[in-house]
Every structure is written in C-alpha cells, then in structure tokens.
Amino acid sequence: MCRFGPVPVIEISGSAKGAARWTSVAQAQVYHDHPYSAPFEDAVIVDLLNQDRDASSRVGLELSADSARALGHALLEAAEELTEHQASS
C-alpha cells in the first residue's frame, strides 16, 4: 500500500450491494494505493466490509482524487440533509 502505517478501520452501519447480493457492512477503510482495475497510477481506495463475513462480501471503490473529493462532499451534504429531515419529523 502507498499509505505508510496501518490503515484505520472506521466503524460504520449500513448495507452495500456486491456482485451477487446486498450485504451488511460494519467497517470501512479509506486509503490511497495503486488501483487494481481503475485506469490511474494512484487512486483513493474505499473498502466496505463486514469482518464477520467472508471476503466475497467486500465492496471496493477505486476513485480519482477529484472523484473522491466530489463523493466526500456529496456524502456530507446528504448526511446534513438527512439530519435536518430527522430533526423536523
């Protein structure tokens, strides 16, 4: 991995759709590395996983830096909108 040191595990709560089915996810890791499939020399990698399940339930993203920033901003905006919606309900 390009990131030096251990990659932090972020505890999350949700679901992700893999190749075969929806699966619960309980952890995420975000780091930069050489991608396996994306057409970049380096990428931001997002791994969504559930350590209680086998590796086939893992969902991975390989993003350009610009795409990672755009996704991060969109996630923050959607989370804020959801928080406001829940507060007004």
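- Proximity of D42 to H32: side-chain heavy atoms (C-beta onward) are nowhere separated by under 4.5 Å.
- A heavy-atom distance below 4.5 Å is not found between the side chains of V44 and Y31.
- Hydrophobic clustering keeps V7 apart from V9 (ILVMFWY residues linked when any side-chain heavy atoms are closer than 4.5 Å, directly or through intermediates).
- Between L48 and I12 there is a side-chain heavy-atom pair separated by less than 4.5 Å.
- Considering only residues two or more places apart in sequence or on other chains, D52 meets the salt bridge (charged side-chain N to carboxylate O under 4.0 Å, His left out) condition with none of them.
- Taking a 6.0 Å sphere around CD of E41, one finds it holds 12 or fewer heavy atoms contributed by other residues, nucleotides or ligands.
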Original post:
Step by step, would you call E80 with E84 a side chain to side chain contact (heavy atoms under 4.5 Å, CB included)?
Top reply: CA-CA 6 Å; E80 186 61 32; E84 290 172 6; 3.4 Å; yes
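- Residue pairs meeting the salt bridge (charged side-chain N to carboxylate O under 4.0 Å, His left out) criterion with at least one member in residues 61-73, sequence neighbours excluded: D66-R69.
- The minimum heavy-atom distance between W22 and S15, with the atom names listed, is CE3-CB, 3.8 Å.
- Of all the heavy atoms in Q27 and Q51, the pair that sits closest is OE1-N, 2.9 Å.
- Between L71 and L61, the closest side-chain pair of non-hydrogen atoms falls below 4.5 Å.
- For the pair V25 and V59, the minimum side-chain heavy-atom distance is 4.5 Å or more.
- Follow the hydrophobic side-chain contacts under 4.5 Å out from V30 and you reach L75 in the same cluster.
- For E77, the CD atom is loosely surrounded, since the number of other residues' heavy atoms within 6.0 Å does not exceed 12.
- Checking side-chain atoms of S89 against main-chain N and O of H85 turns up a donor-acceptor pair under 3.5 Å.
- One hydrophobic cluster, built from ILVMFWY side chains closer than 4.5 Å, cannot hold both L76 and L82; they sit in different ones.
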